[in-house]
*Asks:* 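Got a structure for you, written out below as structure tokens; questions coming shortly.
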Amino acid sequence: MARDPSPANEERVRDADRSQSTILAAARDEFAEYGLGGARVDRIAERAGLNKRLIYYYFDDKERLFQEVLEHAYRDIRAEEAQLRLLDLDPPTAVRRLVEFTWNYYLAHPEFLTLLNSANLHKARHLAESRRARELNSPLIETLAAVLERGRREGTFRGGVDPVQLYVSIAGMAYFYLSNSYTLSAIFGRELLAPKARSERLSHMTDVILGYLLHD
């Protein structure tokens, strides 16, 4: 008969989980600020308040740590998206909710955008090597495909819409605007992060996406 884990073993597991979570949070901030190339394990250890050797013990090296940070970043956004319960909504409302969520999540988590910038500078090789990242993102596309198909069957949405292309358009409209807000503001002489401008951008994104999807 198997014995229950001892209290001492359970505490060691909790300590390990806490240490890894602390390291990942510190590494996320370091990578978001300096990118993969500029990030330093010494600074991550200092941010975490832990010994540098512990970082190498859990994550092997900086490259592996960056991959873990990216995986956790995707896990977090996909977990919050799942709370939208898009399949419980009528198709136009579901798409509108996804557009709003994506915009607001990017606004609330600028570190997510800077992490993606860094990942792309390295040709996304850390994500390409991560089966977990692909598994995390698949449910969103499956859900969006189901929403689109339901909209098509009900005569609300046009047919033949690729859910991946649609999501790239939603994410891209938010990502480009926010990632380039300083240059765009300077070029056009408008404060694109002012509350009114942010509200106008969200309305524009929603109108563009639904204008494409809605059946005449």
Side-chain angles (χ1 to χ4, degrees), residues 70-71 73-121 123-124 127-128 130 133-216:
L70 290 174
E71 289 174 352
Y74 274 109
R75 182 202 64 189
D76 291 344
I77 187 173
R78 297 290 93 96
E80 290 200 29
E81 278 169 346
Q83 298 304 310
L84 300 175
R85 303 181 67 85
L86 297 178
L87 295 178
D88 294 341
L89 305 171
D90 65 86
T93 301
V95 171
R96 182 183 297 274
R97 190 71 54 82
L98 180 60
V99 173
E100 292 171 349
F101 169 83
T102 303
W103 173 252
N104 289 323
Y105 190 90
Y106 288 2
L107 276 172
H109 298 276
E111 77 284 354
F112 182 69
L113 303 186
T114 53
L115 288 171
L116 294 187
N117 288 341
S118 186
N120 277 292
L121 284 174
K123 300 183 179 180
L127 291 172
S130 171
R134 291 190 294 275
E135 291 172 347
L136 285 167
N137 287 282
S138 293
L140 169 66
I141 298 305
E142 292 168 2
T143 296
L144 188 53
V147 168
L148 293 172
E149 175 57 20
R150 180 180 164 196
R152 184 197 66 78
R153 290 198 311 268
E154 294 175 353
T156 306
F157 287 166
R158 60 186 291 179
V161 178
D162 183 336
V164 172
Q165 290 285 7
L166 183 67
Y167 183 73
V168 169
S169 294
I170 294 170
M173 284 195 292
Y175 177 89
F176 182 86
Y177 185 98
L178 294 173
S179 293
N180 297 275
S181 60
Y182 295 112
T183 53
L184 293 172
S185 294
I187 289 169
F188 296 116
R190 295 169 61 178
E191 180 46 66
L192 295 182
L193 290 182
K196 183 174 183 291
R198 294 201 306 264
S199 177
E200 290 171 347
R201 180 61 182 177
L202 177 55
S203 294
H204 174 79
M205 289 170 52
T206 304
D207 289 347
V208 168
I209 294 298
L210 286 176
Y212 166 70
L213 287 176
L214 291 174
H215 199 282
D216 292 335

*Asks:* Quick one: list whatever passes side chain to side chain donor-acceptor pair (under 3.5 Å) with Asp90, sequence neighbours left out.
*Replies:*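 Expected list: Thr93.
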*Asks:* Filter on ring pair (Phe, Tyr, Trp, His ring centres under 6.0 Å), then keep only pairs touching residues 143-179, sequence neighbours left out; what's left?
*Replies:*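 Every pair satisfying ring pair (Phe, Tyr, Trp, His ring centres under 6.0 Å) with a residue in residues 143-179: Trp103-Tyr177.
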*Asks:* Just jot down the side chain to side chain donor-acceptor pair (under 3.5 Å) partners of His204, sequence neighbours excluded, or say none.
*Replies:*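 Side chain to side chain donor-acceptor pair (under 3.5 Å) list for His204, sorted by chain: empty.
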*Asks:* So, using salt bridge (charged side-chain N to carboxylate O under 4.0 Å, His left out) as the criterion, who are the partners of Arg198 when residues are at least two apart?
*Replies:*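 Listed in chain order: nothing, the list is empty.
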*Asks:* Atom NE2 of His109 and atom CG of Leu178: how far apart are they, to the nearest 0.5 Å?
*Replies:*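 Atom-to-atom, His109:NE2 and Leu178:CG are 13.0 Å apart.
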*Asks:* Only counting residues at least two apart or in another chain, list the ones meeting salt bridge (charged side-chain N to carboxylate O under 4.0 Å, His left out) with Arg158.
*Replies:*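 Applying salt bridge (charged side-chain N to carboxylate O under 4.0 Å, His left out) to Arg158 gives none.
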*Asks:* Residues two or more places apart in sequence or in another chain: which of them pass side chain to side chain donor-acceptor pair (under 3.5 Å) with Ser130?
*Replies:*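 With sequence neighbours excluded, Ser130 shows a side chain to side chain donor-acceptor pair (under 3.5 Å) to Glu71, given in chain and number order.
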*Asks:* Please report, to 0.1 Å, the donor-acceptor pairs under 3.5 Å made by any side chain of residues 182-195, with sequence neighbours excluded.
*Replies:*
| from | atom 1 | to | atom 2 | distance (Å) |
| --- | --- | --- | --- | --- |
| Thr183 | OG1 | Asn180 | O | 2.9 |
| Ser185 | OG | Ser181 | O | 2.7 |
| Ser185 | OG | Arg190 | O | 3.0 |
| Ser185 | OG | Leu192 | N | 3.1 |
| Glu191 | OE2 | Leu193 | N | 3.1 |

*Asks:* Report the residues that fulfil salt bridge (charged side-chain N to carboxylate O under 4.0 Å, His left out) with Glu80, sequence neighbours left out, ordered by chain and then residue number.
*Replies:*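 Salt bridge (charged side-chain N to carboxylate O under 4.0 Å, His left out) check on Glu80 returns nothing, list empty.
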*Asks:* What ring pair (Phe, Tyr, Trp, His ring centres under 6.0 Å) pairs are there with at least one residue in residues 74-94, not counting sequence neighbours?
*Replies:*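 Sorted result for residues 74-94: Tyr74-Phe112.
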*Asks:* Could you note down all residue pairs passing salt bridge (Lys or Arg N to Asp or Glu O under 4.0 Å) where residues 92-119 supplies at least one of them, sequence neighbours left out?
*Replies:*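 Counting only pairs at least two positions apart or across chains, no salt bridge (Lys or Arg N to Asp or Glu O under 4.0 Å) contact touches residues 92-119.
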*Asks:* Tell me, please, which residues at least two apart from Arg75 pass salt bridge (charged side-chain N to carboxylate O under 4.0 Å, His left out).
*Replies:*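 In terms of salt bridge (charged side-chain N to carboxylate O under 4.0 Å, His left out), with neighbours along the sequence ignored, Arg75 is linked to no residue.
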*Asks:* Throw together a table of side-chain donor-acceptor distances under 3.5 angstrom for residues 134-144, partners on residues two or more places apart or in other chains.
*Replies:*
| from | atom 1 | to | atom 2 | distance (Å) |
| --- | --- | --- | --- | --- |
| Arg134 | NH1 | Ala128 | O | 2.9 |
| Glu135 | OE2 | Arg131 | NE | 3.3 |
| Asn137 | OD1 | Arg78 | NH1 | 2.2 |
| Asn137 | ND2 | Ala133 | O | 2.7 |
| Ser138 | OG | Arg134 | O | 2.9 |
| Thr143 | OG1 | Pro139 | O | 3.0 |

